S.K.: 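One structure, pasted below without further comment.
Numbers restart at 1 for each chain; the letters A, B, ... are given by sequence-line order, proteins then strands. This is a predicted model, so every value here is computed, not measured.
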Amino acid sequence: MGKVVVDEVLVRKVASNARLLVSDEEVKRLVVELNDVLSYFSLIDSLDVSNVEPSFQPYKMKNVFREDVVRNPIHVEVSLSNTKNKKGAYFLGPGVL
Amino acid sequence: MISVVDYVRGVSEGKISILDYVSKVCDEIEEKNSVYSHFNFFDRAFVVSQAEALERDIKKGRKGKLLGVPVSVKDCLCVKGIESKAGSKILSGYKPFFDATAVAKVRSEGAIILGKTSQDEFGFGSFSVNSDKVPLNPFDLERSCGGSSGGAAGFAALTKHTHVAIAESTGGSIACPASFCGVSSLTPTYGVVSRYGLIDYANSLDKIGVIGKSMVDVEALFSVLVGRDEKDSTSVDFSYSVSEVGKVVLGVPSDLLDLIEDEKIKSVFYKKLDFVESLGHKVIDVSFPLNSKFGVAVYYLIAMAEASTNLAKYCGMRYGAEESVVNFSGNFNDYFSFVRSKYFGTEAKRRIMVGTFVRMSGFRDAYYLRAMKARTLLIEEFKKAFSKVDFLAWPAMPMVAPKFSEIAKLSPVQNYAADLCTVPPNLAGLPHATINAGFVNSLPLGFMVVGDHFVDSKLVSFMKSIETNGDSL
């Protein structure tokens, strides 16, 4: 594909998609860095990949199944042991609205 | 310093007291970790309690292949009840309620877990500088241990005691620090060691491996880590066996060597290669243009894309760093964004940004999918080479350990380019091992050998046969 030019608008859009807050200063730095990195990535544009299958794993793997049986469940207290944001037997989350 | 095998024999014969020995290791860590920062987590009481329990069990007849052996664990592997944060603030305080399978396996063979070794945040780096705790190189305190398993390699080099390290590699995080610290290492074939309990970086690339003082020690730990695990659907049936190596044909890719600018690096590598040839092995030149030219770009595209999805789960809920959701003004998106922005480090954010971009609608096919297709071509290039040779060999890194002042001047792309030698086998999921090749200006350099998928046993046997006394520290 042709060269993509990353600007401040695109950086803010990507940051929003990635759930990251970026300051004006960070946006300016990321514009430069993303352009550098993507320019480097464009090196692979010269590779002919027509009629080539993608390798999502290093070698072909088979899907693996196990018996659908209940095993030792994680106890509620254990599940909640790594957070202070809890109420009764539930995780307490941020507001939806 | 005695080998792991001799240590276990000494313990089994009652000649070595585990409690006395690990107490000395604890003394060493307590004395030196404030300077070297090889451990993110260390607690003498945690170590001693394991040793006491083991000694009681031995009196009742307990056996094991790693009986009483001090083993360090990279911070990205879960250890039950011990803070496991993969070098990231966003996992601060996270104490898993289970052991990673690799950790459970060494425990079942009687190993003593020393603590969690320092690393780049989530493995994002080649110099272990992308974290609060930066491990220092035992050869020169102003230089990097390499990354991302810097603490593991640094301590393996520094310690005067028997010890092996469980490490992890995505694009070179085992071979690089082993090279910089002058120790031995093995990164196995993808899937040979279960990754259950690994705090992941990039799923199609992550591999758990070993760093030790010598290949004999690496073998001792590796042999107990392997095998299928139903908790990891990508793990495969594999058992380690000592192999007869015989005479091998070793391919050297001149395309890759041509890209290494430092002639001293090549000189040390070729000197070691001459030694290997003198043992009766054959060395031939192989063509390797695609991996040499495109390896780093393809690797980073895939790694960042996968990392950006893996890190989406860290949002300040359930475990790790969090804020009070009751007092937070804003909706869940505001909360997730606030926590992620506050606790992820600079390099993690950069990789999330790039990885998110290359997966976005309109760009996915041009970047991510294209990289996955390019990966097929790079793997095929390896397979073509392995139709002519048993193994491939080249320097583990294009440089010796750089100074921190030099690293600070590198741009992100210059940082990534340092992985020129390590990304090809990682991208292809191929087993690769390193031993020390020699020294450039008194700093160690690794000699890396790469094998085809699942020839891990033969690779280890070959590396043992070419490692000489004095190669490693």
S.K.: Which bit of A:Leu80 is near chain B, if near means a heavy-atom gap under 4.5 Å: side chain, backbone, both or neither?
M.R.: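 Neither the backbone nor the side chain of A:Leu80 comes within 4.5 Å of chain B.
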S.K.: Less than 4.5 Å to any heavy atom of chain A: does that hold for the side chain of B:Ile379, its backbone, both, or neither?
M.R.: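 Side chain only.
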S.K.: Which atoms of B:Leu205 come close to chain A, meaning under 4.5 Å heavy atom to heavy atom: side chain ones, backbone ones, both, or neither?
M.R.: neither
S.K.: Hey, what do you get for CG (B:Leu420) to OG (B:Ser126), rounding to the nearest 0.5 Å?
M.R.: 11.0 Å
S.K.: Does a donor on one side chain and an acceptor on the other come within less than 3.5 Å for B:Thr356 and A:Asn17?
M.R.: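 There is no such pair (donor and acceptor under 3.5 Å, judged by atom type) between the side chains of B:Thr356 and A:Asn17.
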S.K.: Of the backbone (N, CA, C, O) and the side chain (C-beta and beyond), which part of A:Leu34 lies under 4.5 Å from a heavy atom of chain B, both, or neither?
M.R.: side chain
S.K.: Looking at B:Asn310 and B:Tyr201, would you say the former's side chain and the latter's main chain have a donor-acceptor pair under 3.5 Å?
M.R.: yes
S.K.: With a 3.5 Å distance limit and no angle check, can you tell me whether B:Ser204 reaches the backbone of B:Ala202 through a side-chain donor-acceptor pair?
M.R.: no
S.K.: Using non-hydrogen atoms and a 4.5 Å limit, figure out which bit of B:Ala371 sits close to chain A: side chain, backbone, both or neither.
M.R.: both
S.K.: Given a strict heavy-atom distance threshold of 4.5 Å, which part of A:Lys86 is in contact with chain B: side chain, backbone, both, or neither?
M.R.: neither
S.K.: Check whether B:Thr346 gets within reach of chain A through its side chain, its backbone, both or neither, counting any heavy atom under 4.5 Å.
M.R.: side chain
S.K.: Between the side chains of B:Glu323 and B:Tyr343, does any donor sit under 3.5 Å from an acceptor?
M.R.: yes
S.K.: Does B:Arg195 use its side chain to pair, donor to acceptor, with the backbone of B:Asn203 at less than 3.5 Å?
M.R.: yes
S.K.: So for B:Phe98, is it side chain, backbone, both, or neither that comes closer than 4.5 Å to the heavy atoms of chain A?
M.R.: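 Neither part; nothing is under 4.5 Å.
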S.K.: For A:Val22, which atoms come within 4.5 Å of any heavy atom of chain B: side chain, backbone, both, or neither?
M.R.: neither
S.K.: Give the member of B:Met353, B:Lys349, B:Met360 that has the highest number of heavy-atom pairs under 4.5 Å with chain A.
M.R.: B:Met353
S.K.: I'd like to know which of B:Phe294, B:Tyr335, B:Tyr319 tops the heavy-atom pair count under 4.5 Å against chain A.
M.R.: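 Result: the option with the highest number of such pairs is B:Phe294.
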S.K.: Between CG of B:Leu378 and NZ of B:Lys373, what distance do you get to the nearest 0.5 Å?
M.R.: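 It comes to 14.5 Å.
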S.K.: Would you check if there is a donor-acceptor pair between the side chains of B:Asn426 and B:Ser169 at a distance under 3.5 Å?
M.R.: yes
S.K.: Is the closest basic N to carboxylate O distance between A:Arg12 and A:Asp24 below 4.0 Å?
M.R.: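 A salt bridge links A:Arg12 with A:Asp24.
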S.K.: Based on non-hydrogen pairs under 4.5 Å, which of A:Val52, A:Leu10, A:Val6 is most in contact with chain B?
M.R.: A:Val52
S.K.: Which atoms of A:Leu30 come close to chain B, meaning under 4.5 Å heavy atom to heavy atom: side chain ones, backbone ones, both, or neither?
M.R.: side chain
S.K.: Pick one of side chain, backbone, both or neither for A:Gln57, based on which atoms fall under 4.5 Å of a heavy atom in chain B.
M.R.: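 It is both, since atoms from each part get that close.
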S.K.: If we count only N and O atoms by modelled type, under 3.5 Å, do the side chains of B:Ser292 and B:Asp255 hold a donor and an acceptor together?
M.R.: no
S.K.: Given A:Tyr59 and B:Phe454, is the ring-ring contact (aromatic ring centres under 6.0 Å, His included) satisfied, shown in steps?
M.R.: CA-CA 11 Å; A:Tyr59 50 83; B:Phe454 306 113; 5.1 Å; yes
S.K.: Under a 4.5 Å heavy-atom cutoff, which of B:Thr189, B:Val358, B:Val296, B:Leu311 has the most pairs with chain A?
M.R.: B:Val296
S.K.: Most heavy-atom pairs under 4.5 angstrom with chain A, which of B:Gly320, B:Ser308, B:Ser337, B:Gly429?
M.R.: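 Looking at each option in turn, the highest pair count goes to B:Ser337.
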S.K.: Take the angle between the ring planes of A:Phe56 and B:Tyr368 and call it parallel below 30°, perpendicular above 60°, tilted in between.
M.R.: tilted
S.K.: Looking only at side chains, do B:Arg318 and A:Thr83 share a donor and an acceptor under 3.5 Å apart?
M.R.: no
S.K.: Counting heavy-atom pairs closer than 4.5 Å to chain A, which one of B:Phe328, B:Phe336, B:Tyr94 comes out on top?
M.R.: B:Tyr94
S.K.: What part of B:Lys342 lies closer than 4.5 angstrom to a heavy atom of chain A: side chain, backbone, both or neither?
M.R.: neither
S.K.: Can you tell me which of B:Tyr416, B:Tyr190, B:Phe357 forms the most heavy-atom pairs within a distance under 4.5 Å of chain A?
M.R.: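 That would be B:Tyr190.
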S.K.: Side chain from CB out, backbone as N, CA, C, O: work out which of these in A:Asp48 comes under 4.5 Å of a heavy atom of chain B, or both, or neither.
M.R.: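 Backbone only.
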S.K.: Taking A:Lys60 first and then A:Glu53, would you say they form a salt bridge - that is, a charged N and a carboxylate O separated by under 4.0 Å?
M.R.: no
S.K.: Need one label for B:Ala374: side chain, backbone, both or neither, based on atoms under 4.5 Å from any heavy atom in chain A.
M.R.: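 Its backbone and side chain both get close to chain A.
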S.K.: Quick one: which of A:Ile44, A:Val37, A:Val64 has the most heavy-atom pairs under 4.5 Å with chain B, could you say?
M.R.: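 The option with the most such pairs is A:Ile44.
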S.K.: Is it the backbone or the side chain of B:Arg359 that comes under 4.5 Å from a heavy atom of chain A, or both, or neither?
M.R.: neither
